[in-house]
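Both backbone and side-chain heavy atoms feed into the values below; hydrogens, waters and symmetry mates do not.
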Amino acid sequence: MLTKPVENNYAFIDSQNLNLAIRDQGWELDFKRFRQYLKDTLNVTKAFIFIGFVPTNQNLYTSLQQKGYILIFKPTLRLPDGKVKGNTDAELVLHAMLEYQNYDKAVIVTGDGDCYCLIKHLKKQGKLKRLIIPNQLKYSSLLREFAPDMLFMNGLKDKLRYK
């Protein structure tokens, strides 16, 4: 009996976009459950999280690594108002292309349009598995053309929330 080979898919996750969009909906994401969900439903073998580096967040970084994520850091800036800025979109696009030959298809997790060119390229090349949008009510209109490839996290609250 022949079995279909399992896909080798990689996830590229915009951590800030994911975290803020989920919290905006009033719940907290259980990253361990989310990693298992990516593996079980989308055959994700490697999940990259793009995150701004803040030295005091070492426990968070260790926890994410223990849950099976590969962290890609971006240096952060502290703005005059005290907020920390570490936009990781360029790193996400770059790593998706650096890893291009190593995965069958990509799962992109973001709701902003900064990765539009990457998503469009992956779609054109047949390498886009799924575009996961954290909040169906708040995402870039640039992403609408990928509607058939979208999966919204709003309906996954019971499955993926931190309990």
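Every residue two or more places apart in sequence or in another chain was checked for a salt bridge (charged side-chain N to carboxylate O under 4.0 Å, His left out) with Asp89, and none qualifies. Checked against side chain to side chain donor-acceptor pair (under 3.5 Å), Asn9 has the following partners two or more places apart in sequence or in another chain: Glu7. By the ring pair (Phe, Tyr, Trp, His ring centres under 6.0 Å) test, Tyr61 is found to be paired with Phe53, Phe73, residues two or more places apart in sequence or in another chain being considered. With sequence neighbours left out, the ring pair (Phe, Tyr, Trp, His ring centres under 6.0 Å) criterion links Phe48 to Tyr10, Phe12. Applying the side chain to side chain donor-acceptor pair (under 3.5 Å) test to Asp14 and every residue at least two apart in sequence or in another chain returns Thr110. Partners of Asp114 by side chain to side chain donor-acceptor pair (under 3.5 Å), not counting sequence neighbours: none found. Under the side chain to side chain donor-acceptor pair (under 3.5 Å) criterion, Lys157 pairs with no residue at all, not counting sequence neighbours. Considering only residues two or more places apart in sequence or on other chains, Lys127 meets the salt bridge (charged side-chain N to carboxylate O under 4.0 Å, His left out) condition with none of them.
With hydrogens and angles ignored, the 3.5 Å screen pairs no side-chain donor or acceptor of Gln136 with any backbone N or O of Leu151. Side-chain N or O atoms of Ser63 include none that pairs as donor or acceptor with a backbone N or O of Asn59 at under 3.5 Å. At distances below 3.5 Å, at least one donor-acceptor pair connects side-chain atoms of Asn17 with backbone N or O atoms of Gly111. Panel note: side chain Asn8, backbone Asn102; a donor-acceptor pair is recorded below 3.5 Å. Under the 3.5 Å distance criterion, the side-chain polar atoms of Tyr103 are matched with a main-chain donor or acceptor of Ala96.
One finds the CG atom of Leu77 at 14.5 Å from the NZ atom of Lys83 (value rounded to the nearest 0.5 Å). Put simply, OG on Ser15 and CG on Leu20 are 9.0 Å apart, with the number rounded to the nearest 0.5 Å. In this structure, Thr62 OG1 and Asn57 CG are separated by 10.5 Å, a value rounded to the nearest 0.5 Å. With rounding to the nearest 0.5 Å, the separation of SG in Cys117 from CE in Met97 is 9.5 Å.
The two residues Met150 and Leu143 come nearest to each other via the heavy atoms CE-O, 2.7 Å. Between Pro134 and Ile22, the closest heavy-atom pair is O-CD1, 3.9 Å. Summarising the geometry of Ile13 relative to Leu92, their closest heavy-atom pair is C-CD1, 3.9 Å, with the distance given to 0.1 Å. Contact record, Ala11 with Leu38: CB-CD1, 4.2 Å, taken as the closest heavy-atom pair.
Under the 4.5 Å side-chain heavy-atom criterion for ILVMFWY residues, a single connected hydrophobic cluster contains both Tyr139 and Phe50. One hydrophobic cluster, built from ILVMFWY side chains closer than 4.5 Å, holds both Val54 and Leu18. No path of Ile, Leu, Val, Met, Phe, Trp and Tyr side chains, each step under 4.5 Å between heavy atoms, connects Ile49 with Leu94, placing them in separate hydrophobic clusters. Using a 4.5 Å cut-off between side-chain heavy atoms of Ile, Leu, Val, Met, Phe, Trp and Tyr, with links allowed through other members, Met153 and Phe31 fall into the same hydrophobic cluster. Each of Leu160 and Ile133 belongs to its own hydrophobic cluster when Ile, Leu, Val, Met, Phe, Trp and Tyr are linked at side-chain heavy-atom distances under 4.5 angstrom.
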Inset, instruction - Go through the steps for Leu122 and Ile108 under the test side-chain contact (heavy atoms from CB on, under 4.5 Å), then give the verdict. - result: CA-CA 10 Å; Leu122 291 169; Ile108 308 296; 3.9 Å; yes
key: Step-by-step side-chain contact (heavy atoms from CB on, under 4.5 Å) determination, Gln65 to Leu71   = CA-CA 7 Å; Gln65 288 169 326; Leu71 277 60; 3.7 Å; yes
query: Under the side-chain contact (heavy atoms from CB on, under 4.5 Å) criterion, do Leu128 and Ile119 qualify, and how do the steps go?
result: CA-CA 7 Å; Leu128 180 64; Ile119 299 164; 3.9 Å; yes
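The neighbour count for Tyr162 OH, taken as heavy atoms of other residues, nucleotides or ligands under 6.0 Å away, does not exceed 12.
Residue pairs satisfying the salt bridge (Lys or Arg N to Asp or Glu O under 4.0 Å) criterion with at least one member in residues 29-57, sequence neighbours excluded, are listed as follows: Asp30-Arg33. The salt bridge (Lys or Arg N to Asp or Glu O under 4.0 Å) pairs that include a residue from residues 56-82 are Lys74-Glu91, where partners are two or more places apart or lie in different chains. Every pair passing salt bridge (Lys or Arg N to Asp or Glu O under 4.0 Å) that includes a residue from residues 136-148 is listed here, sequence neighbours excluded: Asp24-Lys138, Lys120-Glu145. Within the structure, salt bridge (Lys or Arg N to Asp or Glu O under 4.0 Å) pairs that include any residue of residues 93-109 do not occur (at least two apart or interchain).
In summary, the side chains of Asn135 and Asn154 do present a donor paired with an acceptor at a separation below 3.5 Å, with no hydrogens or angles considered.
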